[in-house]
Structures are given as C-alpha cells and as structure tokens.
Amino acid sequence: MKKIMYLFLTCMIFSSCRSRYTVIGSLDMLSDRKIESTPDDKMICAGAGGSKKELKKARAVTIKGAVDSILNHVPGGAYLTNVRIYIVENDYLAVSGDVWGKTSSSAIKNITDQKKPNVQNNR
C-alpha cells in the first residue's frame, strides 16, 4: 500500500510541475497593424514563438499583446501566417507562426549575426 501511495504522490508532483498549454485556435494570417501585403514581402522567421521555452515565457493577457511580442522580437516583422493561438496555464496567451515582412539589408544582417556562433580565430 505504501508503494502505491508513493507512486501516486510522485506522479502528482511531476504532473503539477510541467507547464500546460493548449491550442485554442489557428488562423491563416494575423496582424495587429494595418498592412498591405505585397509580392516584396518575405518570410523572415518560420515558426516564431512555437518552442516550449517560448510558450512557457508567454505572459500576454490579450491576443494583441501576444502578437506584439512576436512581431517586436523579429526585426522587420509585419504580420504572421500559419498562426496558432495557445492558452498557457489557463492564465496567459501565446501566439506562434511564420513572421513575414519587408526586410532591409540591416535587418537580415542582424538576424544572421544572431544565428552565427561566436567563434574567435587564434592566429
């Protein structure tokens, strides 16, 4: 009996520690700004905001706040496509999707610099 109680208690502790998020909707396109989609628009970042780490950090109370946090995080971001809306721990909202917008050469340089590892040459 003690083993069963110990097992039950352990399962309860582990299940209460994990972050819970649920998909509550999906959209083809979402923006909180007035946009004019043109053929010059390019995908800047695929799947932004969709990692478990980013979902755990989500603290937006409104969908507008969740969209703002994603678009402000990616330089040049104007709107999202293939959007999924999550509710995190029954308190907060999170959004993930592909970020599209007009990219300038400096914005592309900043994005590629963030992805490169910091390696120094010892010559």
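- Atom CD of Glu89 sits about 6.0 Å away from atom CZ of Arg59, to the nearest 0.5 Å.
- Contact record, Ala60 with Ala66: CB-N, 3.4 Å, taken as the closest heavy-atom pair.
- Ion pairing between Asp41 and Lys102 holds under the 4.0 Å rule for side-chain N and carboxylate O.
- With Cys45 as the partner, the side-chain contact (heavy atoms from CB on, under 4.5 Å) test is satisfied by one option alone out of Asp98, Val74, Leu80: Val74.
- Distance check, rounded to the nearest 0.5 Å: CD of Glu54 to OG of Ser69 gives 9.0 Å.
- By the side-chain hydrogen bond (donor to acceptor under 3.5 Å, both in side chains) test, Asp28 is found to be paired with no residue, residues two or more places apart in sequence or in another chain being considered.
- The distance from atom CG of Asn82 to atom CE of Met29, rounded to the nearest 0.5 Å, is 11.5 Å.
- Using a 4.5 Å heavy-atom threshold, the side chains of Ile85 and Ile63 count as touching.
- Looking at every heavy atom in both residues, Leu93 comes nearest to Thr62 through CD1-C, 3.6 Å.
- Residues Tyr86 and Leu55 form a side-chain contact, since some pair of their non-hydrogen atoms from C-beta on lies under 4.5 Å apart.
- The side-chain hydrogen bond (donor to acceptor under 3.5 Å, both in side chains) search around Thr81 returns Trp100, not counting sequence neighbours.
- Every residue two or more places apart in sequence or in another chain was checked for a side-chain hydrogen bond (donor to acceptor under 3.5 Å, both in side chains) with Tyr92, and none qualifies.
- Looking at Ser96, its side chain never comes within 3.5 Å of a backbone N or O of Val83 through a donor-acceptor pair.
- The shortest heavy-atom contact between Ile70 and Ala48 is CG2-CB, 4.0 Å.
- Val88 and Ala58 get closest at one heavy-atom pair: CG2-CB, 4.3 Å.
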